[in-house]
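Each chain gets a letter, A, B and so on, in the order the sequences are listed, and its residues count up from 1.
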Number of protein chains: 2
Amino acid sequence: MDQAKGPREGRAIGKTNDVNADLIAVVVAVNDAGPCVLTIEQGAALPSGPFELAHRSLQSSLRAWVELQTGQPLGYIEQLYTFADRDRTGGNERVISISYLALTREEDAGASGRRSWASWYDYFPWEDHRSGRPPMLEELWPRLIEWAQGADDGATRFDRRRRAAVAFAMDDRAWNEELALQRYELLYEAALVEEAKRGGDSAILAPVPGRSMSADHRRILATAIARLRSKIKYRPVVFELMPPLFTLLQLQRTVEALSGRLINKPNFRRLIGQQELVEKTGATTAETGGRPAQLYRFHHAILDERPVAGTKLPLARA
Amino acid sequence: MDQAKGPREGRAIGKTNDVNADLIAVVVAVNDAGPCVLTIEQGAALPSGPFELAHRSLQSSLRAWVELQTGQPLGYIEQLYTFADRDRTGGNERVISISYLALTREEDAGASGRRSWASWYDYFPWEDHRSGRPPMLEELWPRLIEWAQGADDGATRFDRRRRAAVAFAMDDRAWNEELALQRYELLYEAALVEEAKRGGDSAILAPVPGRSMSADHRRILATAIARLRSKIKYRPVVFELMPPLFTLLQLQRTVEALSGRLINKPNFRRLIGQQELVEKTGATTAETGGRPAQLYRFHHAILDERPVAGTKLPLARA
DNA sequence: TCCAGTTATAGTCAATGCGATTATAAGGGC
DNA sequence: GCCCTTATAATCGCATTGACTATAACTGGA
């Protein structure tokens with residue numbers, strides 16, 4: 001790692017292209033109220049901090065300051081995306097933002113100061129299909145169609161119409177929960193979210209329901225949601241969000257909270273049982289209302305054994 | 001995007017943490033010889049260049065200088081990973097490297113100057129299973145076992161042994177082509193690749209067959225291979241590597257080159273046919289030796305229609 | 001000219017995966 | 001004791017897909 005790279009074309013010798021590097025964290029937890037994200041400024045922004053030179057790596061730097069600020073250890077951490085914004089400061093200075101997805105358990109959050117947990121679906125109300133299709137979708141469709149019609153040429157109209165139809169399950173298509181990012185980007189492009197106004201686009205209609213965030217933080221949150229919804233299908237990351245002991249229904253509710261859709265209970269139990277991801281503790285809990293449920297724990301040993309194709313979940317078809 | 005972010009804890013006011021940002025490109029093409037990567041320095045490094053402030057975004061900056069250097073347009077571009085190395089210059093200066101995967105067609109490469117195409121499997125000979133399991137694997141296994149045995153405590157010995165067994169298909173396990181990165185990391189950890197020596201680790205055995213690269217470029221290449229092998233299974237990115245017209249066998253050979261394993265021919269054709277990813281052109285070619293084959297082209301319209309779960313390929317099981 | 005070899009293309013069979021449904025067990029509250 | 005809840009087990013059937021077989025069409029050599 002400590003070797004020089006040798007000559008490279010394109011490098012302007014002597015000219016510095018210095019930038020600042022920021023780390024942005026999407027810290028996710030799931031509680032009874034649903035999937036939550038750690039926010040600052042009363043839910044208007046994601047926690048972020050500068051990449052300190054003192055740290056060993058980007059990941060350890062992120063881990064350090066998030067744990068310092070929230071007092072909670074982060075379990076799973078995954079890099080989301082790196083982007084560079086020119087217009088942040090206006091000058092020659094430029095900021096590179098490296099966003100991360102982190103999973104944790106809420107527990108003793110302590111809500112210290114300005115930090116608080118906010119529900120995903122406050123920001124993306126159209127993403128929660130656990131109680132059936134949200135009624136707001138039917139009000140959204142005509143606005144998207146109107147946007148598609150407003151294109152200059154026919155090809156663009158057709159393309160917009162199709163993208164909207166695929167992303168938002170128009171024309172009796174199946175809802176695909178993994179398209180959370182595409183949906184937000186489409187709403188941004190159609191100037192139907194509040195963030196789109198900030199570019200100076202004046203001719204804007206009333207934004208669609210859903211809280212906005214400062215800068216592009218809502219877009220980063222959408223990226224995290226899409227990534228997580230995809231990941232839980234083939235890697236056992238859900239368990240980072242679970243307490244040490246849990247019932248199978250609690251596990252199912254967590255997956256449902258993340259994916260935003262309901263799962264068939266017997267099939268979920270069968271799939272969890274087939275893979276050796278959990279093991280019985282013998283203990284039971286009667287806090288669930290009906291018949292007492294077995295308490296399970298995560299079978300850690302399986303982690304290395306199944307590097308890919310881990311947690312298959314019955315989320316395949318609609 | 002041009003909003004101030006507001007106050008943030010952890011930010012050391014007035015202290016600059018300036019860094020340099022480098023872009024590293026893994027440019028992939030497939031020809032008759034197999035899967036290739038664009039290299040500089042006679043195959044010892046990946047092309048890389050600084051992120052210029054003048055450019056609109058990271059991606060456009062990468063696209064610009066790669067196309068400038070190679071004369072080839074890059075089709076698909078995807079961000080791989082961002083990392084920060086402290087020990088590069090030794091001083092306070094730090095470099096953030098943002099790596100990308102790009103797909104293109106070789107064609108008029110022109111091999112201008114010091115750039116050339118090199119086969120993937122020159123760097124990772126253990127990854128090519130198209131002619132059956134490479135014999136070198138059987139020489140590799142005992143060395144990995146020896147490394148596992150060399151651990152201090154029993155738990156680590158057991159863990160090393162299991163990770164090696166999973167990654168390298170020991171004990172009659174199935175070969176998983178998507179574990180290319182884990183395999184390289186394991187060999188690095190076991191000090192069985194030349195790169196591991198550079199850290200000052202003196203007690204090193206003879207490295208395993210396979211060309212090394214400068215810095216951590218071979219690790220980045222392994223990341224790209226693993227990502228691509230995973231991606232072709234659910235997104236139709238293979239077509240970025242194909243000429244405008246191609247036969248189904250050519251398409252199959254390309255997928256096989258990338259995944260490093262053979263595919264059952266009738267099943268491949270069935271899966272390609274079921275999804276409407278290609279369309280017949282009516283033309284045929286007799287250059288294939290036997291019965292003339294139909295020439296197909298990629299059905300572009302399908303791209304937006306299948307945002308996820310696109311190209312399902314018969315690569316599921318062993 | 002016929003035959004062998006090569007590739008293209010279509011079709012069959014069986015095992016498996018998985019979505020949907022039903023049935024039974026075990027607790028609590030009124 | 002009845003009815004509610006939830007837990008847990010078992011079954012049915014369709015769709016996917018891995019493995020295999022058969023036929024078609026062309027080239028080149030004996």
Side-chain angles (χ1 to χ4, degrees), chain A residues 32 129 174-177 232-234 245-256 259 261-296 306 308-318, chain B residues 32 129 174-177 232-234 245-256 259 261-296 306 308-318:
Chain A
D32 297 331
H129 288 229
W175 178 259
N176 186 342
E177 77 277 2
I232 53 172
K233 292 182 184 171
Y234 62 95
L245 298 183
F246 50 86
T247 70
L248 290 186
L249 187 58
Q250 284 169 348
L251 183 63
Q252 179 179 347
R253 293 285 176 248
T254 302
V255 173
E256 290 175 339
S259 65
R261 64 192 314 168
L262 296 180
I263 300 175
N264 183 286
K265 187 157 147 181
N267 293 345
F268 180 81
R269 298 174 63 89
R270 176 176 58 188
L271 240 55
I272 296 297
Q274 280 174 1
Q275 316 162 65
E276 293 166 4
L277 290 171
V278 297
E279 54 186 3
K280 276 187 187 171
T281 62
T284 60
T285 176
E287 296 174 358
T288 52
R291 169 176 166 180
Q294 291 279 339
L295 281 172
Y296 291 81
R306 281 170 219 258
V308 186
T311 319
K312 291 189 295 184
L313 294 176
L315 285 167
R317 300 167 213 172
Chain B
D32 297 332
H129 288 230
W175 178 260
N176 186 343
E177 76 276 3
I232 52 172
K233 292 183 183 170
Y234 62 94
L245 298 183
F246 50 85
T247 70
L248 290 186
L249 186 58
Q250 284 170 346
L251 183 63
Q252 178 180 348
R253 292 285 176 249
T254 303
V255 173
E256 288 174 341
S259 64
R261 66 192 314 168
L262 295 180
I263 300 175
N264 182 284
K265 187 156 143 180
N267 292 345
F268 179 82
R269 299 174 62 90
R270 176 175 57 189
L271 240 55
I272 296 296
Q274 279 175 2
Q275 317 162 64
E276 294 165 4
L277 289 171
V278 297
E279 53 186 4
K280 276 187 186 169
T281 62
T284 60
T285 176
E287 297 175 357
T288 51
R291 168 176 168 179
Q294 290 280 339
L295 283 171
Y296 291 81
R306 281 169 218 257
V308 185
T311 319
K312 291 189 294 184
L313 294 175
L315 285 165
R317 301 169 211 171

Kindly point out which of [options] is positioned nearest to the side chain of [X]?
X	options	result
A:Lys265	C:dA8, D:dA7, C:dA20	D:dA7
A:Pro266	D:dA7, C:dT9, D:dA10	D:dA10
A:Pro292	D:dA7, D:dT17, C:dG27	C:dG27
B:Arg291	C:dT9, D:dT8, C:dT21	C:dT9

Between A:Arg270 and A:Tyr296, which has a closest nucleotide on DNA chain D that is more 5'?
A:Tyr296

Going by the rule side-chain hydrogen bond (donor to acceptor under 3.5 Å, both in side chains), which residues pair with A:Arg269 if we only count those two or more places apart in sequence or in a different chain?
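Applying side-chain hydrogen bond (donor to acceptor under 3.5 Å, both in side chains) to A:Arg269 gives none.
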
Which residues pass the side-chain hydrogen bond (donor to acceptor under 3.5 Å, both in side chains) test with B:Gln252, sequence neighbours left out?
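Expected list: B:Glu256.
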
Measure from [atom1] on [X] to [atom2] on [N] and round the result to the nearest Å.
X	N	atom1	atom2	answer
A:Leu262	C:dG19	CG	P	14 Å
B:Gln294	D:dA25	CD	P	12 Å
A:Phe268	C:dG17	CZ	C1'	17 Å
A:Arg253	D:dT6	CZ	P	8 Å
A:Asn267	D:dA7	CG	P	16 Å
B:Asn264	C:dT12	CG	C1'	13 Å
B:Gln252	C:dA8	CD	C1'	12 Å
B:Leu248	D:dA24	CG	P	20 Å

When all nucleic acid strands are considered with a 4.0 Å heavy-atom cut-off, which category describes A:Leu249: base, sugar-phosphate, or nothing?
sugar-phosphate

Hey, what do you get for [atom1] ([X]) to [atom2] ([Y]), rounding to the nearest 0.5 Å?
X	Y	atom1	atom2	answer
A:Leu249	A:Thr254	CG	OG1	9.5 Å
B:Arg253	B:Asp32	CZ	CG	11.5 Å
A:Tyr296	A:Leu245	OH	CG	12.5 Å

